[in-house]
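As structure tokens, the structure follows; a few thoughts come after it.
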Amino acid sequence: MEKETKNIIEMRHIVKDFNGFKANNNINLTLQKGEILALLGENGAGKSTLMRILSGLLEPTAGEIYVRGKKVDIKDPTVAKNLGIGMVHQHFMLMESFTVLENIILGHESTKGPILDLKKAAKQVSALAKRYGLTLDLNARVADITVAQQQKVEILKVLYRGADILIFDEPTAVLTPQEVTEFIKILKGLAKEGKSIILITHKLEEIKEAADRVIVIRAGKSVGTFDVAAVSDDRLAELMVGRHVNMTLTKPQVKAGKEILNVKDLHVKDNRGIMAVKGLSFAIHAGEILGLAGIDGNGQDELVEAITGLRHVTSGSVIINNKDMTNQKVRKITEAGVAHIPADRQKYGLILQFPLADNLALQTYYRPPLSKHAIINHKAIHEHAEKLIKQFDIRTTSATLLASDLSGGNQQKAIIARELDLKSDLIIAFQPTRGLDVGAIEYIHKQLLAQRSAGKAILLISYELDEIMQLSDRIVVLHDGQASGEVKPEETSNKELGLLMTGAKTEGTNHD
Ligand SMILES: Nc1ncnc2c1ncn2[C@@H]1O[C@H](COP(=O)(O)OP(=O)(O)OP(=O)(O)O)[C@@H](O)[C@H]1O
Ligand SMILES: [Mg+2]
């Protein structure tokens, strides 16, 4: 057995009770110095809760924590910080209007008297960034950088605070495959330097690649801890969800119907006023899934925001069901038959301080059956919520739980449930399975195919090539705001898509 002293962290019999619901129910976890420990479990299993306890954001109802062999009481984040524990959260906690540098040093300023010594801080941060290969523009505003860059900011933030026990809560959920490879390299580098790491992820291949050991939790209880090298993906998936998971999809034949969406020569600017979508044209028909492949930051956000009315269209048009909907209001576009699963679930998808039931009614509360003569029918809203909670297996203690208290994956399931339940003709699904466990992904993929069979047009934007390949009827590759190619999944490969995505290849030319 392992020596006591090897454990840098030991959590014993941890219980966390939320009003009678045990999110953690007697969990034991050990983390050894210099290792990468993966934490795996279904959406709502209690992973974030356990890590929030370790980082002093939540107090356990019962249980003990030992750090470097000493019993500790991590009663607030400052205690955690002083113990060298730093956490990068599932939903980033950055100040959008501040610069990268400001975000990193915020709350941990090196002061020269009462004045903030930005120059000195910048030097230190630069050195740290260089050492760990975290390339970043320190003077950029956080609002203007990509999520992958924001994540680097979060990592630098904990490193700058001197953490040597690092907790990452689903760091790769927001990253593209290229970024994931880079991130795992960074993680391994950190571990090699002697940092001890806990990594929460739903991706089994990432666990295989990065982690030494994996702890599986299910419904608040630990199922076991395993050496990664000695356990198969299938076994892990089964341990996690408690049943066999079928990862292969059968796509029924569906005949494409009438044109639902037509995007014509679209030009859209980004937040900085720079053209991000540059003359993009495509159409989607009823019963068709159009996959949009591309590396993050090639105009995906701006395109989706333009179609859904969240962003101004500079020129070109968006035709929905033969009606010109260019630059219409969001509500108008929704009413024209557009459902939208947004990429940023906390910014556009949910009102976090509202109960789950209200969030599930966000698009329809003002009309029958949820309202009558402008009076909201609370009973109908509740019943509507109960129906969707059951149908989509949203793990919650009740329909009245605040959306902020749902687990990350269950927030995502709530948005999908609400949007797929709308009477829509077009579904815009932006990273629909982000942060979902393998069982939930299986379910959502089947739901999207069912919507396709029901004659809906679906625009699927995803950074997961496998997802795009499995679900799409056609794939448009977006590069630098333009279509660098259109291919059929059965006639292309991940390699060809990769080349189109980087612009190394465009349709009609062949650099092979
Ligand atoms: N403040 C709270 N009040 C009530 N219930 C809560 C609260 N915080 C979390 N929960 C519940 O505890 C359970 C575990 O949530 P947690 O966020 O730890 O899950 P998770 O394993 O991180 O899931 P995911 O993979 O979806 O992120 C969920 O059912 C969640 O709704
Ligand atoms: Mg979580």
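Treat the numbers as computed from the prediction; the structure is a model and nothing was measured. Read the numbers this way: they start at 1 and go in the same order the structure lists the ligands and their atoms.
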Measure the shortest side-chain to side-chain distance between Leu478 and Ile461 over non-hydrogen atoms and say whether it is less than 4.5 angstrom.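 Of all side-chain heavy-atom pairs linking Ile461 with Leu478, none is under 4.5 Å.
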So Tyr463 and Gln300, do their side chains get closer than 4.5 Å, heavy atoms only?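 Counting from C-beta outward, Gln300 and Tyr463 do come under 4.5 Å.
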Considering Gly409, Ser407, Ser48, which one's heavy-atom position lies nearest to atom 22 (O) of ligand 1?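 That would be Ser48.
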Is NZ or CZ of Lys16 both nearer than 6.0 Å to the six-membered ring centre of Phe18 and within 45° of the ring axis?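 Lys16 over Phe18 ring: yes.
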Six-ring centre of Phe98, Arg141 cation under 6.0 angstrom, axis tolerance 45°: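 No.
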Tell me which protein heavy atom sits closest to [atom], plus the residue, atom name and distance to 0.1 Å.
| atom | value |
| --- | --- |
| atom 25 (O) of ligand 1 | Lys47 NZ, 2.7 Å |
| atom 23 (O) of ligand 1 | Gly44 N, 2.8 Å |
| atom 30 (C) of ligand 1 | Asp405 O, 3.3 Å |
| atom 29 (O) of ligand 1 | Phe21 CE2, 3.7 Å |
| atom 12 (O) of ligand 1 | Ala23 CB, 3.3 Å |
| atom 27 (O) of ligand 1 | Gln90 NE2, 3.0 Å |

Under 3.5 Å, N or O to N or O, is Gly435 touching ligand 1 that way?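 It does not: no N or O of Gly435 is found under 3.5 Å from an N or O of ligand 1.
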So, regarding Thr49 and ligand 1 (criterion: nitrogen or oxygen to nitrogen or oxygen, under 3.5 Å), is there a contact or not?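 Yes, there is a polar N/O contact under 3.5 Å.
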Can a non-hydrogen atom of [X] be found less than 4.0 Å from any atom of ligand 1?
| X | result |
| --- | --- |
| Gly41 | no |
| Glu42 | yes |
| Lys16 | no |
| Thr396 | no |
| Gln412 | no |
| Leu406 | yes |

Would you call [X] and [Y] a salt bridge, taking side-chain N to carboxylate O under 4.0 Å as the test?
| X | Y | answer |
| --- | --- | --- |
| Lys208 | Asp233 | yes |
| Asp164 | Lys33 | no |
| Lys203 | Asp437 | no |
| Glu464 | Arg434 | no |
| Glu386 | Lys390 | no |

Below 4.0 angstrom from a heavy atom of [X], which ligand 1 atoms are there? Numbered from 1 as shown, please.
| X | result |
| --- | --- |
| Glu170 | 24 (P), 25 (O), 27 (O) |
| Asn43 | 23 (O), 24 (P), 25 (O), 26 (O) |
| Ala45 | 19 (O), 21 (O) |
| His202 | 25 (O) |

Side-chain donor-acceptor contact under 3.5 Å, His202 with Glu170: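 Glu170 and His202 do have a side-chain donor-acceptor pair below 3.5 Å.
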Give me the atom names and distance for the closest heavy-atom approach of Ile341 to Leu420.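 Minimum heavy-atom contact is CD1-CD2, 4.4 Å.
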Shortest non-hydrogen contact from Val100 to Asp137?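 The answer is CG2-O, 3.4 Å.
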Tell me if a side-chain donor or acceptor on Gln411 pairs with a main-chain N or O of Ala403 at a distance below 3.5 Å.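 Yes; judged by distance alone, with no hydrogens or angles, the pair exists.
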Have a look at ligand 1 and work out which part of Leu401, if any, has a heavy atom under 4.0 Å from it: side chain, backbone, both or neither.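 The side chain, only.
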When you measure from the Mg ion (ligand 2) to the N, O or S atoms of Thr49, does any of those distances fall below 2.8 Å?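 Coordinating: no.
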